[in-house]
Amino acid sequence: MAMACDGGGNDEALTNDGDIFPANLAEMVASLPQGSHGILNPSLRQYRGFWLPDAVLLDLPRVHASYEKSPAPADILLASLPKSGTTWLKALAFATARRSLHSPFDGVHHPLLSSSSPHACVKFIETLRFLEDDGTDTEPRPRLMSTHLPYSLLPRRARAGGSGSGSGCRIVYIARDPKDTLVSLWHFDAGVKWSSQAEGGTAAAALEFEEAFELYCRGICGFGPHWEHAREYWEASKRTPGSVLFLRYEEMLQDPAGNLRKMAQFMGCPFSAEEEDAGVVRAILELCSLDKQRNLAVNKTGAYKLYSGGFTIENRFFFRKGVVGDWRNHMTPEMAARLDGVAEEALEGSGFTFANATPSN
Ligand SMILES: Nc1ncnc2c1ncn2[C@@H]1O[C@H](COP(=O)(O)OS(=O)(=O)O)[C@@H](OP(=O)(O)O)[C@H]1O
C-alpha cells in the first residue's frame with residue numbers, strides 16, 4: 001500500500017526509471033508535506049510514499065548521477081531501515097568481503113578493531129563519493145556500500161532489473177521487528193539529543209515514548225514507513241533472489257554462523273573448507289559481536305558524521321542491548337498489538353509478515 005500524498009505537480013519530473021531530477025528540486029522539496037520533526041530527524045518530507053530527511057532528498061540527484069558515472073555490477077549494497085541491525089551487518093560484510101586483505105585473526109591491526117567503526121568501513125551511498133575529483137575510483141572491488149534508501153529510490157543501476165540497469169548490484173537487506181526497531185530508535189534519539197544538549201548544541205528535546213510510538217504507527221520515521229521499506233526489498237528478493245538477499249535480525253541472532261555463511265555465499269566469497277576448519281567464521285563473528293565492538297576505544301570515544309547537514313553522532317550510540325523483544329520494557333500489550341496490526345494491514349497480500357519475529361509473551 002503506497003502512502004497517499006506524494007507531493008505536487010513537479011513530482012512527476014523525478015521518474016523512478018529515468019532518474020531525471022527537476023532543476024527546482026529544492027523548491028519542490030520545500031513544497032512536499034512535512035511530517036512534524038520525525039523521531040530523530042529534524043525534518044522529514046514524504047516523497048513517493050517514503051519519509052526522507054530533507055538533506056537526503058536534496059542530495060538524491062547527486063547520489064544517482066554519481067552512481068550512474070561509476071556503476072559496478074559486482075558492488076555489494078547493504079540496505080536497511082535505521083535501527084534494524086545496519087551496524088552489525090556492515091561489520092560482518094566488511095570482515096567477510098575483505099578477509100584476504102585483513103585477517104579476522106589479526107587482533108591488533110584489523111580496521112574494525114584498531115581504527116574504524118563499521119560505519120566508517122562501509123559508507124552510506126547517501127554520503128559516499130564514488131569518484132575522486134580526477135574521475136578515478138579507488139575503492140577495492142567488490143565495492144561495499146550501504147543505504148537506508150527504499151528500493152524504489154535506489155540509483156537505477158543499483159536496482160536489479162531497473163530499466164537499463166544491467167544486472168544491478170548485490171543487495172543484502174536486513175529487516176527487524178518494527179516494535180524493537182522503534183524502541184531502538186527512541187533510545188538512539190534520546191541519547192543523541194541528550195549528548196548534543198550536554199555539549200551546548202541546539203538539538204530539539206527528545207520525544208516521549210508515546211509520541212514516538214504515534215509517529216511510528218503513522219509510518220513517520222526516517223525512510224519509513226517501516227513496513228513499506230521492508231516490503232519493497234522483500235518483493236525484490238522474491239523477483240530476483242540472486243540479486244537481493246533478505247535477512248532478519250532476529251534470525252541472525254538465533255543462528256549467526258548460518259546467516260554469515262549464507263551472506264558470504266551470496267556476496268560471492270563463500271568460506272572454503274580450509275577456512276571453516278581454521279575457524280574463520282567464528283573469528284569474524286567474534287570480531288563483529290556487540291560485546292567486542294562496543295568495548296573498543298574507537299566505538300567508545302569516536303564519532304560519525306551522518307549525512308551532509310545532519311548530525312555528528314558518537315559511535316557509542318550505535319551499540320546498545322542487541323536483543324529480541326526489548327519492546328516489552330516500553331510498550332503495553334495493547335500498544336504492541338496496535339503496531340503489529342498497522343504493519344500487518346499494510347502488508348496484507350504481500351506474502352511478507354513481521355509476525356513471529358518475536359514471541360508475543
Ligand atoms: N554487533 C552487533 N550485534 C548485534 N546487534 C547490534 C550490533 N551492533 C549494534 N547492534 C544493535 O543494532 C541496533 C542499532 O541498529 P542499526 O545498527 O541499524 O542503527 S543505524 O541504522 O546504523 O543507526 C541497536 O539495537 P538495540 O540494542 O535494540 O537498540 C544495537 O544495539
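Atoms within a ligand are numbered from 1 in the order they appear, just like the ligands themselves. We're numbering straight along the sequence, starting at 1.
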Exercise. Mind checking what residues have non-hydrogen atoms under 4.0 angstrom from ligand 1?
Worked result: Pro82, Lys83, Ser84, Gly85, Thr86, Thr87, Trp88, His119, His148, Arg176, Ser184, Tyr249, Cys288, Ser289, Leu290, Phe318, Phe319, Arg320, Lys321, Gly322
For this session: Indicate, with yes or no, if the rings of Phe352 and Phe246 have centres closer together than 6.0 Å.
Result: yes
Exercise. With a 6.0 Å cut-off on ring centres, are Phe94 and His119 close enough?
Worked result: no
Between [Y] and [X], does any NZ, NE, NH1 or NH2 come within less than 4.0 Å of an OD or OE carboxylate oxygen?
X: Arg231; Y: Glu235; answer: yes
X: Glu276; Y: Arg261; answer: yes
X: Asp340; Y: Lys179; answer: yes

Exercise. With Arg239, which residues qualify under salt bridge (charged side-chain N to carboxylate O under 4.0 Å, His left out), at least two apart?
Worked result: none
